[in-house]
Amino acid sequence: MNENFQFKLIATDGKARRGEITMPRGTVRTPAFMPVGTGGTVKAMYMDQVRDLGADIVLGNTYHLMLRPGAERVAKLGGLHEFARWPGPILTDSGGFQVMSLAQLRKLTESGVTFRSHIDGRAYEMTPERSIEIQGLLDSDIQMQLDECVALPSTPADIQRAMELSLRWAERCKAAFGNQPGKAMFGIVQGGDVADLRIRSAQALKNMDLKGYAVGGLAVGEPQEIMLEMLDATCPELPGDKPRYLMGVGTPDDILKSVARGIDMFDCVMPTRAGRHGLAFTRRGKVNLRNARHADDPRPLDEESTCPAARDYSRAYLHHLVKSGESLGAMLLTWNNLSYYQHLMQGIRSAIEAGNFHGFAGETQEAWEQGDIARYA
């Protein structure tokens, strides 16, 4: 395995890119979807299951892990890979988004952000340097810069202020990260829904010559067309020989349309959260197992799926589990959802290599539009 962090393009189809990230702990096939393991666990899943579904990399979160169980404790126990029993690459979010959205009584300054834990009210300070230190203690393979993510809509002045602060913090994170063979620090493009600010942010980060670049502050409530407009403005400004990561995205449709604009990496809580609430993603679109129409239906979610959760359990049984609040319902539907997401990513990768991404995207969207199979009689 390569001892350095490297990214290579294998094929392109329009702006869609098929590539590979290689690191000491493994290879990440791109476009890639990273299951979210916020607190050291992909909710309702065993890590062996996650790996068997085809995930090459998972995501952890600095904010949550620093609060519980604590980064220093994780380090003493061998790092996050050993702690969570995940041998492959791990990307850690810097915690900036969670500080802004979850923490109590936060105060932002040039130095960093002070806040009180949403768990117990304890006071903490997060600086760019501390964020990188925590991610180092966790021993993550891809570490994200600390940034300020403003909610949309916001005023252009506030968006510009946050973008410029995030750039200064990126410089400090780069210095704190230093040279770590086999690992990478990614910068995060900010700029809200203002294309000119996105372009300025991307250009400044490109000049820092980082190993990868993320697009942050999208999928936070703005319409999909705004997100896509920001990607249209941002992606051409990012270097073609570095990976591009769209943070917190998203739906299968978001992923298809973002790959078409040159994005390589994705993460989102949607497939796991939806599974815990009775919603399944399938090649026929979304299926709500809470609906009474499934109560007497002996058919599986998808008879052609390679995932046992989708292929081997009846809709009637899944409906019963969901309505009864049984933990197994959340486990099976999360398993199904992550399986579908990884199946979608493999289809995307194969289509790009074959020069048929546009056709694949069209066929996939057409199947979603046709909808779920008819009600069982």
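Count residues from 1 along the sequence. What's counted below: heavy atoms across the whole structure, side chains too, no hydrogens, waters or symmetry copies.
With a 4.5 Å cut-off on side-chain heavy atoms, Q145 and S94 do not count as touching. The shortest side-chain heavy-atom distance between L138 and Q143 does not fall under the 4.5 Å cut-off. In this structure the side chain of I263 never reaches within 4.5 angstrom of the side chain of V249, judged on heavy atoms.
For Y340, the ring pair (Phe, Tyr, Trp, His ring centres under 6.0 Å) criterion is met by no residue, not counting sequence neighbours. Residues that satisfy the ring pair (Phe, Tyr, Trp, His ring centres under 6.0 Å) test with H319, not counting sequence neighbours, are absent from this structure. Partners of F266 under the ring pair (Phe, Tyr, Trp, His ring centres under 6.0 Å) rule, at least two apart in sequence or in another chain, do not exist in this structure. For H277, the side-chain contact (heavy atoms from CB on, under 4.5 Å) partners two or more places apart in sequence, or in a different chain, are R273. Under the ring pair (Phe, Tyr, Trp, His ring centres under 6.0 Å) criterion, Y124 pairs with F115, not counting sequence neighbours.
Exactly one of L318, L338, L279 qualifies for a side-chain contact (heavy atoms from CB on, under 4.5 Å) with L333. That residue is L318.
Of the possible polar contacts, none joining the S339 side chain to the L53 backbone as a donor-acceptor pair under 3.5 Å is found. Proximity of a side-chain donor or acceptor of K174 to a complementary backbone N or O of M208 within less than 3.5 Å is detected. With D56 contributing its side chain and R29 its backbone, the two residues share a donor-acceptor pair below 3.5 Å. When atom types are taken as modelled, the side chain of S324 and the backbone of E326 share no donor-acceptor pair closer than 3.5 angstrom. The backbone N or O of V269 lies less than 3.5 Å from a partner atom in the side chain of T272, making a donor-acceptor pair. Formation of a donor-acceptor pair under 3.5 Å by the S166 side chain with backbone atoms of A162 is found in this model. Listed for the D264 side chain is a donor-acceptor partner under 3.5 Å among the backbone atoms of R244. E3 contributes no side-chain N or O that, together with a main-chain N or O of P181, makes up a donor-acceptor pair within less than 3.5 Å. A donor-acceptor contact shorter than 3.5 Å links the side chain of R315 to the backbone of P300. Distance alone, capped at 3.5 Å, places no donor-acceptor pair between the T92 side chain and the T62 backbone.
Atom CD1 of I90 and atom CE of M23 lie 10.5 Å apart (nearest 0.5 Å).
Nearest heavy atoms, R172 versus P128: NH2-CD, 3.4 Å. Here the closest heavy-atom approach between residue F357 and residue A16 is recorded as CD2-CB, 4.0 Å. Counting all heavy atoms, side chain and backbone alike, V189 lies closest to L205 at N-CD1, 3.6 Å. Residues S258 and L231 share a closest heavy-atom pair of OG-CD1, 3.5 Å. T306 and P308 get closest at one heavy-atom pair: O-CD, 3.5 Å. Between S314 and P298, the shortest heavy-atom distance links the atoms CB-O, 3.4 Å.
Within 6.0 Å of atom OH in Y313, 12 or fewer heavy atoms from other residues, nucleotides or ligands are found, so the atom counts as exposed in its surroundings. Summarising the local packing, CG of N291 is surrounded by more than 12 heavy atoms from other residues, nucleotides or ligands at distances under 6.0 Å. Remark: R168 CZ is packed, more than 12 non-hydrogen atoms of other residues, nucleotides or ligands lying under 6.0 Å away. In the displayed structure, F7 atom CZ is contacted under 6.0 Å by more than 12 heavy atoms of other residues, nucleotides or ligands. The number of heavy atoms from other shown groups lying within 6.0 Å of CZ (R85) does not exceed 12.
The salt bridge (Lys or Arg N to Asp or Glu O under 4.0 Å) pairs that include a residue from residues 176-200 are D139-K183, E164-R200, where partners are two or more places apart or lie in different chains. Among residue pairs with one or both ends in residues 223-232, those qualifying as side chain to side chain donor-acceptor pair (under 3.5 Å) are Q224-D253, Q224-D254, Q224-K257, D232-R261; sequence neighbours excluded. Counting only residues at least two apart or in different chains, ring-ring contact (aromatic ring centres under 6.0 Å, His included) contacts with residues 167-195 are absent. Applying the salt bridge (Lys or Arg N to Asp or Glu O under 4.0 Å) test to pairs two or more places apart or on separate chains, those with a residue in residues 346-361 are R18-E353.
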Which pairs of donor and acceptor atoms, one on a side chain in residues 280-288, lie under 3.5 Å apart (sequence neighbours left out)?
| unit_1 | atom_1 | unit_2 | atom_2 | d |
| --- | --- | --- | --- | --- |
| T282 | OG1 | R284 | N | 3.0 |
| T282 | OG1 | G285 | N | 3.4 |
| T282 | OG1 | G285 | O | 2.8 |
| R283 | NE | D302 | OD1 | 3.0 |
| R283 | NE | D302 | OD2 | 2.7 |
| R283 | NH2 | D302 | OD1 | 2.9 |
| R283 | NH2 | E304 | OE1 | 3.4 |
| R284 | NH1 | L301 | O | 3.2 |
| R284 | NH2 | E303 | OE1 | 3.3 |
| R284 | NH2 | E303 | OE2 | 3.0 |
| N288 | OD1 | R290 | N | 2.9 |

Could you go through residues 147-154 and list every donor-acceptor pair under 3.5 Å that involves a side-chain atom there, pairing it with any protein atom two or more places apart or in another chain?
| unit_1 | atom_1 | unit_2 | atom_2 | d |
| --- | --- | --- | --- | --- |
| D147 | OD2 | Q190 | NE2 | 2.6 |
| E148 | OE1 | R161 | NH1 | 2.9 |
| E148 | OE1 | R161 | NH2 | 3.2 |
| E148 | OE2 | R161 | NH2 | 2.7 |
| S154 | OG | A151 | O | 2.3 |

Taking distance alone, no hydrogens or angles, what donor-acceptor pairs closer than 3.5 Å link side-chain atoms of residues 233-241 to residues at least two apart or in another chain?
| unit_1 | atom_1 | unit_2 | atom_2 | d |
| --- | --- | --- | --- | --- |
| T234 | OG1 | M230 | O | 2.7 |
| E237 | OE1 | Q203 | NE2 | 3.1 |

Problem set entry | side-chain contact (heavy atoms from CB on, under 4.5 Å) evaluation trace for D372 with R293 | CA-CA 12 Å; D372 190 27; R293 77 180 187 91; 2.4 Å; yes

With side-chain contact (heavy atoms from CB on, under 4.5 Å) as the test, would you mind laying out the steps for H358 and D13 before giving the verdict? CA-CA 8 Å; H358 180 75; D13 186 3; 5.7 Å; no

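Using a 4.0 Å cut-off between charged side-chain N and carboxylate O, E125 and R130 make no salt bridge. D297 and R299 are joined by a salt bridge, as a carboxylate oxygen and a charged side-chain nitrogen come within less than 4.0 angstrom of each other.
L9 is connected to F5 through a chain of hydrophobic side-chain contacts under 4.5 Å among Ile, Leu, Val, Met, Phe, Trp and Tyr, so both are in one cluster. When the side chains of ILVMFWY residues are joined at heavy-atom separations under 4.5 Å, either directly or via intervening members, Y46 and L80 end up in two distinct hydrophobic clusters.
Using modelled atom types and a 3.5 Å distance limit, the side chains of D93 and Y63 yield no donor-acceptor pair.
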